[in-house]
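Every chain is numbered from 1 and lettered A, B, ... according to where its sequence line falls, protein lines coming before strand lines.
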2 protein chains.
Amino acid sequence: MTDQAPSPIVDRLREEGRRITRERRLLLEIIERNPHLDAAGIYLLAHQQNAKIGLATVYRTLNLLTELELVDVVSLGEDHSHYEIRGDDHVHLVCLDCGSVREIPPLPDFRSLDEIEGFEVHQAHLELIGLCEACRKKRASNESKGTPA
Amino acid sequence: MTDQAPSPIVDRLREEGRRITRERRLLLEIIERNPHLDAAGIYLLAHQQNAKIGLATVYRTLNLLTELELVDVVSLGEDHSHYEIRGDDHVHLVCLDCGSVREIPPLPDFRSLDEIEGFEVHQAHLELIGLCEACRKKRASNESKGTPA
DNA sequence: ATGGCTGCAAACACTTTGCATCGGC
DNA sequence: GCCGATGCAAAGTGTTTGCAGCCAT
């Protein structure tokens with residue numbers, strides 16, 4: 001709880017001359033442990049460990065980390081943003097029925113994409129929207145019970 | 001101007017028992033002609049031809065079309081939604097500097113993707129964030145003039 | 001001790017909704 | 001004529017910002 005694991009992100013903040021506060025450390029830990037959470041979800045978890053933390057701090061921290069390119073913003077088909085530590089590129093599989101999000105490694109063909117038709121690619125966001133295996137089966141069994149699409 | 005081009009989307013609305021109003025026809029035409037506009041942009045264009053149209057109608061129409069899967073919502077890295085007629089899958093190249101959005105055909109490898117690891121793919125959204133050719137050159141020439149990143 | 005960071009609340013931008021009226025069918 | 005669609009304005013979300021006090025450096 002009180003031990004502070006060494007983190008390249010904390011180092012990076014220090015390099016930038018930013019201050020390492022209790023709030024930032026807490027938020028970072030939460031974001032690192034829970035990929036693609038939204039601001040409200042991050043706030044909720046943070047609040048459990050520090051009842052005084054404000055939603056504004058969550059947003060300010062997320063914006064800071066985004067500017068420093070330490071976190072990525074992803075949309076996941078929702079009307080608000082989700083956040084994740086920037087790491088290896090990956091693909092998001094978003095289920096239409098249960099909303100679950102699964103991450104898989106990049107498809108082979110665009111793993112190494114760094115330029116295409118004169119466009120210099122910095123980031124690739126691939127989102128596949130559809131049905132996860134469980135919801136697919138659920139739908140199939142509902143249909144046979146007489147509840148077609 | 002007053003002629004009403006036949007449209008599969010209008011047919012589809014009729015099939016669904018929805019009413020074909022002047023407003024819906026106007027909005028459809030705008031969306032068809034201007035890919036990935038946001039609600040405000042659509043409203044602006046619509047307003048030029050029908051000063052009485054309301055923003056609420058724009059949103060209600062976009063939601064209707066989205067539910068019927070006739071239009072897609074795309075995020076394009078902005079904090080609000082953009083809309084486009086659902087058609088062939090394509091890739092968006094979004095420029096970090098000028099914000100321009102270019103569409104290109106799907107990358108070969110995921111063109112035919114309809115299932116992956118048990119997940120049933122309905123839609124694929126691929127967004128490449130980076131620098132368009134013009135902005136790339138602009139940056140290069142600025143750097144040589146002594147304005148590094 | 002200094003200036004960046006925080007919490008709070010008010011402000012903002014985008015989107016949705018209630019209600020009376022209008023107009024497609 | 002009926003009932004869905006519209007316009008307006010008010011209410012709802014998610015996010016940002018102003019300001020006084022706090023705390024990492």
Report task. Using atom OH of B:Y59 as one end and atom P of C:dA13 as the other, report the distance to the nearest whole Å. Result -> 13 Å
Report task. Establish, from distance only, whether the side-chain atoms of B:Q123 and B:H125 form a donor-acceptor pair under 3.5 Å. Result -> yes
Report task. In whole angstrom, give the distance that lies between atom CD of B:E15 and atom C1' of C:dC25. Result -> 17 Å
Query raised in the report: Which nucleotide in the set C:dG24, C:dG7, C:dT16 lies at the smallest distance from any side-chain heavy atom of A:R60?
Result: C:dG7
Query - Value in whole Å for how far the P atom of C:dG23 lies from CD of B:E23 - result: 9 Å
Report task. Mind running salt bridge (charged side-chain N to carboxylate O under 4.0 Å, His left out) on B:D97 and B:K138 for me, showing each step along the way? Result -> CA-CA 10 Å; B:D97 278 8; B:K138 212 172 297 173; over 6 Å; no
**Report entry** Length of the line joining A:L62:CG and C:dC5:P, which is rounded to integer Å
**Finding:** 15 Å
Query - Candidate pair B:R102 and B:E133, rule salt bridge (charged side-chain N to carboxylate O under 4.0 Å, His left out), full reasoning - result: CA-CA 11 Å; B:R102 190 176 140 208; B:E133 206 157 3; 5.8 Å; no
Query raised in the report: Hey, does the side chain of A:N63 come within less than 4.0 Å of D:dT15's phosphate (OP1/OP2), counting only N and O?
Result: no
**Report entry** Close approaches to DNA chain D from residues 75-82 of chain A, in residue order (heavy atom, under 4.0 Å)
**Finding:** A:H80, A:S81
Query raised in the report: Base, sugar-phosphate alone, or nothing: which one does A:R22 contact when heavy atoms must sit under 4.0 Å apart?
Result: nothing
Query - Spacing between A:N50 atom CG and D:dC23 atom C1', to the nearest angstrom - result: 14 Å
Requested in this report: Using whole Å, report how far CZ of A:R14 lies from C1' of D:dT25.
Outcome: 11 Å
Report summary line: Of A:I53 and A:R19, the one whose closest nucleotide on DNA chain C sits nearer the 5' end is A:R19
**Report entry** Sole candidate of A:I42, A:L70, A:V58 that passes side chain to side chain contact (heavy atoms under 4.5 Å, CB included) when paired with A:I31
**Finding:** A:I42
Report task. Check the distance between D:dC23's P and A:R18's CZ and give it to me in whole angstrom. Result -> 20 Å
Query raised in the report: Is any side-chain nitrogen or oxygen of B:T21 closer than 4.0 Å to OP1 or OP2 of D:dT6?
Result: yes
Query - Upstream residue (5' side of DNA chain C) when B:Y83 and B:K52 are each assigned their closest nucleotide - result: B:Y83
Report summary line: With the side chain defined as heavy atoms from C-beta on, B:I20 is closest, among C:dC25, C:dG7, D:dT15, to C:dC25
Query raised in the report: A:H36 and side chain to side chain contact (heavy atoms under 4.5 Å, CB included): which partner among A:L76, A:V94, A:D72?
Result: A:L76
Query raised in the report: Quick one: are B:P35 and B:E103 in side-chain contact, heavy atoms under 4.5 Å?
Result: yes
**Report entry** Whole-Å distance separating the CZ atom of B:R25 from the P atom of C:dG24
**Finding:** 9 Å
Requested in this report: Could you tell me whether the side chains of B:H122 and B:E120 share a donor-acceptor contact shorter than 3.5 Å?
Outcome: yes
Requested in this report: Look at A:R24 and C:dC5 and indicate whether a side-chain polar atom (N or O) is within less than 4.0 Å of OP1 or OP2.
Outcome: yes
Report task. Report which part of the nucleic acid B:A39 touches: base, sugar-phosphate, or nothing (heavy-atom distance under 4.0 Å, all strands). Result -> sugar-phosphate
